[in-house]
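Per chain, numbering begins at 1; letters A, B, ... match sequence-line order. Reckoned from all heavy atoms, side chains included, excluding hydrogens, waters and symmetry mates. Being a predicted model, the structure only gives us computed values, none of them experimental.
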Number of protein chains: 2
Amino acid sequence: MPPRRQANRNSESVDNYLKAILSLGGVEHRRVTSTALAGHLGVAPASVTNMLQKLASAPTPMVEYERHRGVQLSADGKRRALEIVRHHRLIETFLYEVLDYPIEEVHEEAERLEHFISERFEERIAAKLGHPRIDPHGHSIPTMEGEMTEPNSVPLTEVLQGGTFVIDSVSDRDAHTLRELKASGIRPGAQLRVRKNTPAEGYSVSIGRSSRAVGLSREAAGDIRLVPSTK
Amino acid sequence: MPPRRQANRNSESVDNYLKAILSLGGVEHRRVTSTALAGHLGVAPASVTNMLQKLASAPTPMVEYERHRGVQLSADGKRRALEIVRHHRLIETFLYEVLDYPIEEVHEEAERLEHFISERFEERIAAKLGHPRIDPHGHSIPTMEGEMTEPNSVPLTEVLQGGTFVIDSVSDRDAHTLRELKASGIRPGAQLRVRKNTPAEGYSVSIGRSSRAVGLSREAAGDIRLVPSTK
DNA sequence: CCTAATAATTAGGTATACCTAAATCAAGGA
DNA sequence: TCCTTGATTTAGGTATACCTAATTATTAGG
Ligand SMILES: [Mn+2]
Ligand SMILES: [Mn+2]
Ligand SMILES: [Mn+2]
Ligand SMILES: [Mn+2]
């Protein structure tokens, strides 16, 4: 019979806009510009304006929008965005832990499935995984109640002094970069010593106890986030 | 960037039309009428006509369609339909075996997810499950190559003589009926003795070695398929 | 062989979510 | 303050996938 997925609220597109606003605006709710969203989502700026107007003028608006001044998530919008992020990261963890996906392939699959799983599915994989708080890239998984801790980590490209760090997370965006990082032993939790990290000199690190220098592209370096070594 | 799911070919709607044509026309490719499809899919007959015309006039047509004479799947259409059925039944098996879903809830979740999983996901759950050939309802799972064996089972309502049978499958369509069947111990593989099965007298059976009579609604009876007991 | 009833198609709309091109706005520098 | 320019929005389209109402085919009965 008619499964009919309803308009606005809850479509795959809407979900992706909300996630993008959360990601660009952070949990501090910085206003996000149409152009930034257009870039992030890969759609034309005009399409963004259109969608924002719809989202803002819904009966229970998902965003707070003012012409020419960008958007912010409403409380409802933030709740939904965090739910999708939870789906995404739980799915990634599940694919990695239970279905033995290579880490560089989990993101793409999760990006699709996050919109279509039920609350039951979410609950079941969370239980199966022991209610994990961190996904395979090192990103924190929002709780069922929509709480998410922000990392106090810093991109490798922005670390000022050299020294020893622990890898907090790696970006999930680019499968190719991720495959390279994996090959060099760069994964969340590993120890990393910064040798060079300036645009001029390039990027070079050592992993774990090894003293071997590992060179990194600018892009790869920007995809690694570090926290100070506690040891 | 642009994940852009492509037109026609491969949309969730198209998948559902192809599955419906397969289901109504059987693997023997009986022609299927627009009205039958409309009923099965819960859409207006006019919508069906429209879709069939598009599917039939695509560069590589998924169906063979003639005005006023119904449709049949093309070889391509059949391949796709069987792939979706494989997805559906593997997902059901996975939800049941790995995620401990109650049997009456697997269908709805599978109905959505079947359209969105990757080939990798399909392959991984199949491997995890040991390449099962039958889903939790007793339906056979098409192979990766698109082979599916048709059951030679008969609905309980169409069994002529009484006697002892083995339950081949139960319908997955109605969660409510399924819950009731489960409560009576009616599941694929179980032994079933037919006591009464006429519209006039109603439907009554015994399960396993028990001699207790279990009454069934007409609808429930039609949802049970039997094969002769080999013992 | 004609005619109703029924099945199916056509015609004309809606909503979502995109796009391009043409306005228009906001802000910073002169 | 005014003007230029880049950002944003408006205007006008496209494609998918639905719907209702009107029209046309098919077919079975008389
Ligand atoms: Mn990801
Ligand atoms: Mn997504
Ligand atoms: Mn099913
Ligand atoms: Mn489906």
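- Using a 4.0 Å heavy-atom distance criterion, Ser13(A) is classed as a sugar-phosphate-only contact.
- Atom CD1 of Ile84(A) sits about 11.0 Å away from atom CG of Leu22(A), to the nearest 0.5 Å.
- In summary, Arg120(B) and Glu109(A) do not engage in a salt bridge, as defined by a charged side-chain N under 4.0 Å from a carboxylate O.
- Each of Thr93(B), Val98(B), Leu90(B) was checked for a side chain to side chain contact (heavy atoms under 4.5 Å, CB included) with Ile125(B), and the lone residue meeting it is Leu90(B).
- Summarising the geometry, the separation between CG on Asn16(B) and C1' on dA17(D) is reported as 12 Å, rounded to the nearest angstrom.
- Across the protein-nucleic acid pair, Leu18(A) atom CG and dA17(C) atom P stand 11 Å apart, rounded to whole Å.
- Comparing dC18(D), dA17(C), dA17(D) by their closest approach to the side chain of Ser11(B) singles out dA17(D).
- Dashed line: the shortest gap from a side-chain N or O of Tyr17(B) to OP1 or OP2 of dC18(D) is under 4.0 Å.
- Atom CG in Leu37(A) sits about 12 Å away from atom P in dC18(C), given to the nearest Å.
- Checking Lys19(B), Arg80(B), Glu114(B) one by one against Val85(B), the side chain to side chain contact (heavy atoms under 4.5 Å, CB included) holds for a single residue, Lys19(B).
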Listed pairs, N/O of protein and of nucleotides 24-27 of chain D, under 3.5 Å:
from, atom 1, to, atom 2, distance (Å)
dA25(D), O4', His68(B), NE2, 3.3

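- Exactly one of Glu92(B), Glu147(B), Glu122(B) qualifies for a salt bridge (charged side-chain N to carboxylate O under 4.0 Å, His left out) with Arg86(B). That residue is Glu122(B).
- Ion pairing between a basic and an acidic side chain is recognised when a charged N comes within 4.0 Å of a carboxylate O; Arg31(A) and Glu64(A) show such pairing.
- Nearer to the 5' terminus of DNA chain C, by closest-nucleotide assignment, is the contact made by Thr49(B) (compared with the other of Pro45(A) and Thr49(B)).
- Under a 4.0 Å N-O distance rule, the pair Glu111(A)/Arg173(A) does not qualify as a salt bridge.
- Nucleic acid contact class of Ser34(B) (heavy atoms, under 4.0 Å, all strands): sugar-phosphate only.
- Separating the CD atom of Gln53(A) from the C1' atom of dA11(D) is a distance of 12 Å, rounded to the nearest angstrom.
- In this structure, Leu41(B) atom CG and dC19(D) atom C1' are separated by 15 Å, rounded to whole Å.
- Across the protein-nucleic acid pair, Glu12(A) atom CD and dA15(C) atom P stand 22 Å apart, rounded to whole Å.
- Across the protein-nucleic acid pair, Asn50(A) atom CG and dG12(D) atom C1' stand 11 Å apart, rounded to whole Å.
- Side chain of Ser47(B), nearest nucleotide from dT10(C), dA17(D), dC18(D): dC18(D).
- A close approach under 4.0 Å does not occur between any side-chain nitrogen or oxygen of Lys54(A) and OP1 or OP2 of dA15(C).
- Atoms CG (Leu52(A)) and P (dT10(D)) sit 11 Å apart, rounded to a whole Å.
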